[in-house]
Visitor: 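Below is a structure I'd like to ask you about.
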Amino acid sequence: METFFLEKHPHVELCDLLKFMGWCDSGGTAKSVIAEGQVKVNGKVETRKRCKIVADQNVEFASNKVVVKASE
């Protein structure tokens, strides 16, 4: 499982997280896979493209998993 740090930000939008992690090559691709129900947040399918992901949430896509933390 990978870790993503928010640093000084309160949240990251789900579509942006998929891009930042390198799981999708563009925002359009990220929004499509989210809309198709391919992404899970804390084990539940999430279809809101701009869902705010905060610290201590887990995101899964394909065989990738990431836990979001506030800072290192």
Side-chain angles (χ1 to χ4, degrees):
M1 181 178 289
E2 298 179 74
T3 304
F4 178 84
F5 295 101
L6 293 171
E7 298 302 333
K8 296 178 182 182
H9 302 282
H11 67 271
V12 62
E13 291 181 354
L14 183 56
C15 59
D16 291 336
L17 180 62
L18 296 183
K19 287 190 309 183
F20 295 152
M21 295 304 298
W23 298 348
C24 292
D25 57 357
S26 71
T29 302
K31 290 175 182 177
S32 292
V33 299
I34 294 167
E36 292 169 2
Q38 297 182 39
V39 180
K40 290 183 179 181
V41 176
N42 291 340
K44 296 184 179 181
V45 173
E46 180 58 72
T47 57
R48 295 175 295 160
K49 300 168 188 89
R50 299 202 177 274
C51 172
K52 294 177 181 177
I53 305 300
V54 296
D56 299 320
Q57 286 190 301
N58 298 305
V59 177
E60 299 175 46
F61 170 62
S63 60
N64 302 301
K65 294 181 183 180
V66 65
V67 62
V68 176
K69 296 289 184 184
S71 63
E72 289 188 61

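In what follows, residues are counted from 1 in the order of the sequence shown. Just so you know, these numbers use all the heavy atoms, side chains as well, and skip hydrogens, waters and symmetry mates.
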Visitor: For the NZ atom of Lys52 and the CD atom of Glu13, what is their distance to the nearest 0.5 Å?
Guide: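 Lys52 atom NZ to Glu13 atom CD measures 7.5 Å (nearest 0.5 Å).
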
Visitor: Decide side-chain contact (heavy atoms from CB on, under 4.5 Å) for Lys19 and Asp16; before the verdict, give the C-alpha distance in whole Å, the side-chain angles of both, and the deciding distance to 0.1 Å.
Guide: CA-CA 5 Å; Lys19 287 190 309 183; Asp16 291 336; 3.6 Å; yes

Visitor: Is it true that Val54 and Phe20 fall in one hydrophobic cluster, defined by side-chain heavy atoms closer than 4.5 Å?
Guide: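 No; Phe20 is not reachable from Val54 via cluster members.
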
Visitor: Can you see which heavy atom on Glu46 is nearest to which on Val41, and at what distance?
Guide: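 That would be CB-CG2, 3.7 Å.
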
Visitor: Counting only pairs under 3.5 Å, give me each side-chain donor-acceptor contact of residues 21-28, with atom names and distances, residues two or more places apart or in other chains.
Guide:
from: Asp25; atom 1: OD1; to: Thr29; atom 2: OG1; distance (Å): 3.2
from: Ser26; atom 1: OG; to: Thr29; atom 2: N; distance (Å): 3.1
from: Ser26; atom 1: OG; to: Thr29; atom 2: OG1; distance (Å): 3.0

Visitor: Taking Asn42 for its side chain and Asn58 for its backbone only, find out whether a donor-acceptor pair lies under 3.5 Å.
Guide: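 Answer holds: yes.
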
Visitor: Output the distance between atom CG (Leu18) and atom NZ (Lys49), rounded to the nearest 0.5 Å.
Guide: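 Going from the CG atom of Leu18 to the NZ atom of Lys49 covers 12.5 Å.
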
Visitor: Kindly give the heavy-atom pair with the smallest separation between Leu6 and His11, and that separation in Å.
Guide: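 Closest approach of Leu6 to His11: CD2-C, 3.7 Å.
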
Visitor: Show the atom names and distances, to 0.1 Å, of all donor-acceptor pairs under 3.5 Å that link a side chain in residues 59-70 to residues at least two apart or in another chain.
Guide:
from: Asn64; atom 1: ND2; to: Phe61; atom 2: O; distance (Å): 3.3
from: Lys69; atom 1: NZ; to: Asp56; atom 2: OD1; distance (Å): 3.3

